[in-house]
J.: 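Sharing a structure, written as structure tokens. Questions coming.
We name chains A, B, ... by the order of the sequence lines, and we start the count at 1 in each one. Only a predicted model underlies this, so the values are computations on that prediction, with no experimental measurement involved.
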2 protein chains.
Amino acid sequence: MQTDTKHLSRKMRRGEIFAVQCPSREILKHVTSRWGVLILVALMEGTHRFSELRRKVGEVSEKMLAQTLQQLEQDGFVNRVSHPVVPPHVEYSLTPLGLGVGQQVEALTDWIEMNLPKIMAARQS
Amino acid sequence: MQTDTKHLSRKMRRGEIFAVQCPSREILKHVTSRWGVLILVALMEGTHRFSELRRKVGEVSEKMLAQTLQQLEQDGFVNRVSHPVVPPHVEYSLTPLGLGVGQQVEALTDWIEMNLPKIMAARQS
DNA sequence: CGGAATCCAAGATGATACTG
DNA sequence: CAGTATCATCTTGGATTCCG
């Protein structure tokens, strides 16, 4: 089977993100949303329950956590498994696709943390 | 000279992004803002003038473009050079630091575009 | 516990007009 | 051209309440 992901050659115009109607924009919006980034990074360490994520991410309301998780689930990045017991037990994890974005996003956050000293030094005002 | 960027070992808790008061959150917010991402990617291709950026990014108001550029400039990612002529001529480019984040951000957008087929296929609803 | 629903405050974004 | 200022709006995000 040949992969169907067409590789973007280095110099290929990958300017499609600039196209307003491009679905990429929508995905990008979900991924880079305020809580999307944090949730993806958190899930990179493995399966988490709702309340675990809530504690780990910190300062996120139930509403936004649920909402963001639903978006990520819709985009096929997050897997939601509900155990029908009482009290309810729901587990969230990354799909293979989610692992992919997760790596990219984690690379970004890692870069920022690693370069934070330089950044803070270069900051004006 | 030895680099002062301490490398994050694979398993190191790089959970500092989760700390609410961490400056990383602020930087991350700017970088992943609606227009921050697009602007950084656009500038990866070289110096641009204000109106060039405006046309390239697309659908961005003057206000938001100016505002986001100021944030990125403050964070030390973008260089602003104003030629005091009439009509005004201002050029924006990436600083070395900006090139760093730019690469991370571009990696993310590239990944999304490359995997868009898979993503759209996996999407529910 | 893990949400859904509602209401409301705050912030982000946009359209327009004006200026150096 | 490259902004700034102002005002209108639209979207986010949070607090609260209720339910299975």
Side-chain angles (χ1 to χ4, degrees), chain A residues 17-18 20-21 25-40 42-43 46-75 78-93 124-125, chain B residues 17-18 20-21 25-40 42-43 46-75 78-93 124-125:
Chain A
I17 342 127
F18 296 127
V20 184
Q21 79 300 9
R25 291 279 274 252
E26 192 65 17
I27 307 293
L28 188 65
K29 197 172 170 181
H30 296 166
V31 170
T32 64
S33 71
R34 177 158 184 202
W35 305 114
V37 180
L38 285 311
I39 291 175
L40 286 173
L43 287 179
T47 301
H48 286 71
R49 297 185 54 175
F50 188 84
S51 47
E52 285 177 340
L53 279 175
R54 192 148 145 64
R55 257 176 286 111
K56 185 162 191 172
V57 170
E59 297 281 279
V60 57
S61 66
E62 294 182 2
K63 176 186 171 183
M64 292 315 300
L65 182 55
Q67 182 176 306
T68 308
L69 279 170
Q70 283 172 8
Q71 287 179 340
L72 294 176
E73 187 190 358
Q74 259 214 338
D75 293 340
V78 164
N79 215 314
R80 178 180 183 276
V81 178
S82 171
H83 300 279
V85 297
V86 30
H89 185 107
V90 184
E91 296 193 326
Y92 294 92
S93 59
Q124 304 157 30
S125 133
Chain B
I17 341 127
F18 295 128
V20 183
Q21 79 300 8
R25 292 278 276 252
E26 193 64 18
I27 307 294
L28 188 65
K29 197 173 171 183
H30 296 165
V31 171
T32 63
S33 70
R34 178 160 186 200
W35 304 114
V37 179
L38 285 310
I39 292 175
L40 286 174
L43 287 179
T47 301
H48 287 69
R49 298 185 54 173
F50 189 85
S51 48
E52 285 177 339
L53 278 176
R54 193 149 145 63
R55 256 176 287 111
K56 186 161 190 172
V57 170
E59 297 280 278
V60 58
S61 63
E62 294 181 2
K63 176 183 171 184
M64 291 315 298
L65 181 55
Q67 181 176 307
T68 308
L69 279 171
Q70 284 172 8
Q71 287 179 340
L72 293 177
E73 188 192 357
Q74 258 214 337
D75 293 339
V78 164
N79 215 314
R80 179 180 182 276
V81 178
S82 171
H83 301 279
V85 299
V86 29
H89 184 106
V90 183
E91 296 193 325
Y92 293 92
S93 59
Q124 304 157 29
S125 136

J.: What closest approach, in Å, do B/A42 and B/L53 show between heavy atoms, and which atom pair accounts for it?
T.: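 Answer, listing the atom of B/A42 first, then B/L53: CB-CD2, 3.9 Å.
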J.: Determine the interplanar angle of the B/Y92 and B/F50 rings, folded into 0 to 90°, and report it as parallel if under 30°, tilted if 30 to 60°, perpendicular if over 60°.
T.: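 Ring orientation of B/Y92 relative to B/F50: tilted.
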J.: Provide the closest heavy-atom pair for A/R25 versus A/F18 in the form atom of the first, atom of the second, distance.
T.: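 Closest approach of A/R25 to A/F18, heavy atoms only: NH1-O, 3.4 Å.
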J.: Quick one: closest heavy-atom pair of B/V60 and B/L65, and the distance?
T.: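 Taking B/V60 first and B/L65 second, the nearest heavy atoms are CG2-N, 3.7 Å.
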J.: Under 4.0 Å between any heavy atoms, over every strand shown, what does B/E52 touch: base, sugar-phosphate, or nothing? Just pick one.
T.: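 No contact.
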J.: State, yes or no, whether a side-chain contact exists between A/T47 and A/N79 at a heavy-atom distance under 4.5 Å.
T.: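 A side-chain contact is absent here, since even the closest heavy-atom pair is not under 4.5 Å.
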J.: Nucleotide by nucleotide, 5' to 3', does protein get under 4.0 Å of the base (B), only the sugar-phosphate (S), or neither (-) in nucleotides 9-20 of chain D, counting heavy atoms?
T.: ---SBBB----B
J.: Using the heavy-atom set of chain A and a strict 4.0 Å cut-off, write down the first and last nucleotide of DNA chain C that makes it in, 5' to 3'.
T.: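 Going 5' to 3' along DNA chain C, contacts run C/dC1 to C/dC7.
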J.: For B/Q74, does the CD atom have more than 12 heavy-atom neighbours from other residues, nucleotides or ligands under 6.0 Å away?
T.: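 Yes, CD of B/Q74 has more than 12 neighbouring heavy atoms, counting only those of other groups under 6.0 Å.
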J.: With heavy atoms under 4.0 Å as the rule, sort B/E91 into base, sugar-phosphate or nothing.
T.: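 Nothing: the residue B/E91, judged by heavy atoms under 4.0 Å, touches no strand.
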J.: Could you check B/E91, B/H83, B/H89 and say which one makes a side-chain hydrogen bond (donor to acceptor under 3.5 Å, both in side chains) with B/R49?
T.: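 Filter result, single survivor: B/H89.
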J.: Quick one: label A/R54 by what it contacts on the DNA or RNA (base, sugar-phosphate, nothing), any heavy atom closer than 4.0 Å.
T.: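 It contacts nothing in the nucleic acid.
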J.: Only counting residues at least two apart or in another chain, list the ones meeting side-chain hydrogen bond (donor to acceptor under 3.5 Å, both in side chains) with B/Q67.
T.: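 None.
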